[in-house]
Amino acid sequence: MNWFHLDDFIAGWIGGASSVVVGHPLDTVKTRLQAGKGYRNTFHCVLTIYQKESVSGFFKGLSFPLASIALYNSVVFGFFSNTQRVISKFRYGDGHHPSSILDLTLASMMTGFVSVGMGAPVDLVKIRLQMQSHPVLAENLNLAGNVPLRSVGIRSQTVYRGPIHCIGSILQSEGVQGLYRGAGAMLLRDIPGYALYFIPYTLLCDWFKPDQNASPHPCYIWLAGGLAGSISWVTATPVDVVKSRLQADAFHYRKYRGITHCIISSYKTEGLHVFFRGVTVNAIRGFPMSATMFLGYELSLDFFRSL
C-alpha cells in the first residue's frame with residue numbers, strides 16, 4: 001500500500017495543534033456572536049468578554065480543543081491526502097499522479113463527511129464550555145403559567161467543571177445522541193466547506209510554484225493556506241450560525257427542535273442578517289488559523305520525508 005502515508009496524519013496533528021492556539025480567542029468571539037445575545041458588533045463582543053472575564057475569557061474551553069482538534073485535524077489531513085492518492089491510483093494507475101479539480105472535490109467532500117464523526121462532539125463540548133459565562137437568555141425562561149420573562153437578564157451558573165465533566169453531563173442528560181446535536185448542520189457546513197478549503201489552497205500553491213517539480217516557498221504556503229481558510233469560513237458562516245445555535249441550545253434551555261426550526265425561528269426573530277453573524281470574525285480568524293495549519297502541516301511533512 002505505497003499510497004498510504006502515516007506521516008500525513010502526524011503532520012496534520014502538529015498543524016492542528018498550532019492552529020488551535022492561534023485561532024481559539026477569535027473562535028470564542030465567533031461563538032458568542034452566533035449563539036449569544038447582547039453584542040452590538042465584533043468589537044463590542046471582544047470588549048465585553050475582556051471587561052467581564054479578562055484575557056482568560058478568550059481561552060475558555062481551550063484545553064479540550066487543543067487535545068481533540070489536533071487529533072481531528074490529523075484525521076482530516078491524513079484522510080484527505082491518502083484519499084487523493086487512492087483516487088489517483090484508481091483513475092490513473094499511479095497514486096502520485098496530479099489530482100484534477102474533480103479528484104480534489106471528491107476527496108475533500110469525502111473528508112468533510114468523515115470529519116463530522118469526530119468533529120461534532122468536539123465542537124459541541126467546545127461551544128458549551130465557551131458559552132458558560134454568557135448570560136442565560138431571559139426569553140428562554142418561563143414563569144409559572146407559561147408567562148415568558150423577556151425583560152430580565154439572568155446570569156448563568158458554571159455548569160461544567162471541564163471537558164470531561166461536560167461530556168459526562170451530556171451523556172447523562174441527553175445520551176450518546178446528545179454529543180451529536182448539530183451534526184446534521186455540521187455535515188451541511190463541512191461537505192462543501194472542505195471543498196472550498198482544499199481546492200483553493202491547492203490551486204494557489206500550484207500557481208505560486210516556480211515549476212511543477214518544485215515546492216512552494218513557506219511564505220506562499222502560509223498565504224495560500226490563509227486565503228483558503230478565509231474563503232471556506234466566510235462561505236460556511238450561515239450554516240455555521242445554525243450549527244452553533246443548535247449546539248449551544250441545551251445550555252440555554254432547549255429552544256430549537258432541529259435545523260429547519262432553528263433557521264425559521266432565527267429568521268423570524270432576528271432577520272436575514274442573523275445568518276451572517278460572525279462573518280467578519282470568521283474571515284479574520286480563518287486566515288491565521290488556516291495559514292498556521294497548512295504551514296505546520298507542510299513543514300512537518302517535509303521534515304518527516306527528509307529523514
N-O pairing of Arg189 and Asp240 below 4.0 Å: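 Here Arg189 pairs with Asp240 in a salt bridge, since their nearest N and O are under 4.0 Å apart.
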Pair Asp8 + Arg305, salt bridge at N-O below 4.0 Å: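 Looking at Arg305 together with Asp8, the answer is yes, because their closest N to O distance falls below 4.0 Å.
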Over 12 foreign heavy atoms within 6.0 Å of OH, Tyr220: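 For Tyr220, atom OH is not crowded (no more than 12 foreign heavy atoms under 6.0 Å).
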More than 12 heavy atoms from other groups under 6.0 Å of CZ on Phe43: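 For Phe43, atom CZ is not crowded (no more than 12 foreign heavy atoms under 6.0 Å).
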Indicate the atoms forming the closest heavy-atom contact of [X] with [Y], along with that distance.
{"X": "Trp233", "Y": "Gly286", "value": "CD1-CA, 3.9 Å"}
{"X": "Val242", "Y": "Ala185", "value": "CG1-CB, 4.3 Å"}
{"X": "Gln247", "Y": "Gly182", "value": "CG-CA, 4.2 Å"}
{"X": "Leu71", "Y": "Trp13", "value": "N-CD1, 3.6 Å"}
{"X": "Ser115", "Y": "Val76", "value": "CB-CG2, 3.9 Å"}
{"X": "Gly95", "Y": "Arg85", "value": "O-CG, 3.2 Å"}

Any donor-acceptor pair under 3.5 Å from Ser108 side chain to Thr105 backbone: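 Confirmed, Ser108 side chain pairs with Thr105 backbone.
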Inter-residue atom distance Ile127.CD1 - Ser244.OG, 0.5 Å rounding: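 With rounding to 0.5 Å, CD1 (Ile127) is 4.0 Å from OG (Ser244).
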Separation between CG of Asp302 and CD of Glu298, rounded to the nearest 0.5 Å: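 It is 6.5 Å, given to the nearest 0.5 Å.
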Would you say [X] and [Y] make side-chain contact, with heavy atoms under 4.5 Å?
{"X": "Lys52", "Y": "Thr48", "value": "yes"}
{"X": "Ser100", "Y": "Arg91", "value": "yes"}
{"X": "Ile101", "Y": "Leu203", "value": "yes"}
{"X": "Ser88", "Y": "Ser99", "value": "yes"}
{"X": "Pro218", "Y": "Leu299", "value": "yes"}
{"X": "Ser81", "Y": "His5", "value": "no"}
{"X": "Asn282", "Y": "Lys30", "value": "yes"}
{"X": "Thr28", "Y": "Glu53", "value": "no"}

Applying the 4.5 Å side-chain criterion to the ILVMFWY set and letting contacts propagate, would [X] and [Y] be lumped into a single cluster?
{"X": "Leu33", "Y": "Met289", "answer": "no"}
{"X": "Tyr267", "Y": "Leu246", "answer": "yes"}
{"X": "Val21", "Y": "Val125", "answer": "yes"}

Contact list for residues 187-207, test ring-ring contact (aromatic ring centres under 6.0 Å, His included), sequence neighbours left out: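 For residues 187-207, and leaving out neighbouring residues, the ring-ring contact (aromatic ring centres under 6.0 Å, His included) pairs sorted by first residue read Phe77-Phe198, Phe80-Phe198, Tyr194-Tyr197, Tyr194-Phe198, Tyr197-Phe294, Tyr201-Phe294.
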